[in-house]
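Count residues from 1 along the sequence. For clarity, every value in this text was computed on a predicted model and none was experimentally measured.
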Amino acid sequence: MQAIRNIAIIAHVDHGKTTLVDKMLHAGHLFKAHEQMGDLIMDSNDLERERGITILAKNASMMYKGVKINIIDTPGHSDFGGEVERVLNMADGVLLLVDAFEGPMPQTRFVLQKALQLGLKPILVINKVDKENCTPDLVHEAVFDLMFTLDATEEQLDFPTIFGSAKQSWMSHDWKDRTSDITPLLDTILEYIPAPKISEGNLQMQITSLDYSNYLGRLAIGRVFRGVLKDGQQIALVKRDGAIVKSTLRGLYTFSGLEKVKVDEVKAGDICAVVGIEGFEIGDTIADPVNPEALPFIAIDEPTMSMLFTINDSPFFGQEGKFVTSRHLKERLEKELEKNLALRVEPTNKAEAYNVFGRGVLHLSVLIETMRREGYELQIGQPKVIMKKVNGVTHEPVEELTIDLPENVSGKAIEIVTRRKGMMLSMTPKGDRVVMQFEIPSRGIIGLRSQMLTATAGEAIMTHRFKEFQPNKGEVPGRINGSLICMETGKAIPYSINNLQERGRFFIDPNEEIYEGQVVGENSRPGDLVVNVTKTKKLTNIRASGSDDKVRLVPPIRFTLEEALEYIQDDEYVEVTPKSIRLRKIFLKEHDRKKARNAAAVA
């Protein structure tokens, strides 16, 4: 039987997971000399390459000294924590990657806690030791302390440590002793990561992720825990509610490098993809048809945020997108539920609107951005935090926020966070920068990033992760300035924009098509203001010196999708189409808005 090692690579954002996987795949001689694979091979999706982050967990494998090493690359953002939780079940050990300068960060703690609870054996890789002012030995101690506080067992605390730089393709047991390749890491994996434990009994395989092929349909990916899977064999699918569905396998694939290779059988301990099963969900068990036994279901943390998804009913609907009806929206959200474990969708009292629950603004905005690229048009309401009642008291999610910023602007950052009901836990100087830790309600984080970057001249690096539910902290101040609302549909005239520049900052370009009720700018004062941006200059045949000055327009503010979602108020929507992101009022006509305000005041 072939020797196998199953490892997951876990780390905080930007600590070098995907780069390390690249180097491991190159070390396994998976590519021919003429193949130019480029960097970040595992970040295969367009969105991942643009943002420079991993969103979906992915599998690859390599051969080293006759042993097959299955590698699972995982995302580093807490918003995609659901991806990490489900794939850790396939691994027997983890490579914990930590930056030699930054040390353990909030997400390091989150992923490490999940791995230790599952009893996985860690190997610590201290990466980026070629950075200036890095402190690998202090980081090593900090990780040991972190593992100790997370209740690691004696065996887990006795972890090996490898130092190196994945980018420069070397790893070593001592960071001062530079080697020429990453073989010390691969040798350590073979030595310390246990081979898969195989218990006797009937077939058991848990589906932990899924893939889609235009030729084969849906593929179930998971690890065989017991027994042997054979191509064409009869199996039973045990679902979450205990229902058992019989079916026949139509294809069996294992991972070789980045490719899937068709095989006749897969033995216990290996990771494979299965074709031919209908209606499966993540967490279901593929079992023996005669005596089916289910594996424990994968537990996933609860969502912390919700947004309203509704069809696009603006005057410009259907001009750019292919999918615009409520049926399209419903089908797309149902399809997403099949593979996105941390997502939940609930219908509302309106047929065309759905409440979508997720882990955070980034988690949901990646879904919206993907839908937008597929040709969907939709509108999104203001992100709302999910509240809970505990013993009759309203509790809200609280997050641990870490901000890394220059020391001279730390005072501004503390002021902004405390205004949003944040509480400082610690402040650690690192060179000419400071790392500050806060406890802050999730409501306070919405819209915080743009304010923080403005206050610190773009220097602040923010990360946050869900901590727990705590009693409600009271009112969190939102946006103070009101909106500039368009009075009528037409083209934005430069002459009008120029005259209104004192009233606020604009979000639209000159000569852009706009409609009544669209939010075209931010008022410089509190309260909304309806402005006429479509008014042209009245022409006369009398010339006057000075009245025909050249118009000088301030460049408009352009929002990314996340910034737009964090910016809007509760009476506004973000309209998302394949080519545009617009902000609008829910009620487009001024008299409808007045009616709604009066009704709210009476209530």
Side-chain angles (χ1 to χ4, degrees), residues 7-33 35-62 64 69 71-77 94-105 107-108 111-112 122-140 142-143 160-189 257-258 404 430-431 433 435 461 463:
I7 55 161
I9 300 192
I10 58 174
H12 185 76
V13 186
D14 275 345
H15 280 197
K17 291 181 296 301
T18 308
T19 307
L20 180 63
V21 175
D22 286 1
K23 302 305 178 192
M24 289 172 76
L25 294 177
H26 282 296
H29 304 297
L30 291 174
F31 310 115
K32 299 185 180 78
E35 286 186 294
Q36 294 293 315
M37 292 308 296
D39 295 334
L40 306 178
I41 304 161
M42 296 292 273
D43 284 351
S44 50
N45 142 346
D46 288 348
L47 260 180
E48 292 181 317
R49 286 193 173 275
E50 278 169 35
R51 290 167 183 255
I53 60 173
T54 304
I55 294 170
L56 302 167
K58 299 181 199 66
N59 300 57
S61 79
M62 59 175 284
Y64 181 69
I69 302 175
I71 306 165
I72 306 159
D73 185 19
T74 65
H77 284 79
V94 291
L95 289 190
L96 174 67
L97 229 73
V98 182
D99 187 306
F101 179 73
E102 292 184 351
M105 297 288 279
Q107 187 60 11
T108 313
V111 289
L112 182 58
I123 292 177
L124 174 62
V125 180
I126 296 179
N127 193 20
K128 306 190 184 184
V129 296
D130 52 333
K131 266 190 179 179
E132 281 182 39
N133 302 331
C134 67
T135 51
D137 297 327
L138 292 176
V139 168
H140 182 238
V143 173
T161 305
I162 300 283
F163 301 90
S165 165
K167 196 170 187 181
Q168 299 189 359
S169 309
W170 67 272
M171 291 283 158
S172 167
H173 292 281
D174 179 0
W175 64 279
K176 295 177 190 119
D177 173 24
R178 181 171 174 161
T179 58
S180 57
D181 55 22
I182 65 162
T183 47
L185 171 64
L186 300 173
D187 290 332
T188 309
I189 290 171
L258 301 168
D404 177 346
K430 273 196 179 176
R433 294 175 77 86
V435 176
I461 301 166
T463 49

Derivation of the side chain to side chain contact (heavy atoms under 4.5 Å, CB included) call for I9 and V125: CA-CA 10 Å; I9 300 192; V125 180; over 6 Å; no
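- Within the structure, salt bridge (charged side-chain N to carboxylate O under 4.0 Å, His left out) contacts touching residues 167-187 (residues at least two apart or in different chains) are K65-D187.
- For C134 against A100, the heavy-atom pair with the smallest separation is CB-O, 3.6 Å.
- Here the rule is side chain to side chain contact (heavy atoms under 4.5 Å, CB included) with I126, and of V139, V143, L96 only V139 fits it.
- In terms of heavy atoms, T179 sits closest to S172 at CG2-CB, 3.8 Å.
- Put simply, the side chain of D404 never gets that close to the backbone of I461: no donor and acceptor are under 3.5 Å apart.
- For W170 against F163, the heavy-atom pair with the smallest separation is CZ3-O, 4.2 Å.
- Interatomic distance, S61 OG to I71 CD1, rounded to the nearest 0.5 Å: 7.5 Å.
- Rounding to the nearest 0.5 angstrom, the gap separating the CD1 atom in I69 from the OH atom in Y64 is 8.0 Å.
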Test log, rule side chain to side chain contact (heavy atoms under 4.5 Å, CB included), inputs I123 and I7: CA-CA 10 Å; I123 292 177; I7 55 161; over 6 Å; no
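- Looking only at side-chain heavy atoms (C-beta outward), I162 and I182 stay at 4.5 Å or farther from each other.
- To the nearest 0.5 Å, atom CD1 of residue I10 and atom CD1 of residue I72 are 11.0 Å apart.
- Residue M171 forms a side chain to side chain contact (heavy atoms under 4.5 Å, CB included) with just one option from V129, L20, T188, and that option is L20.
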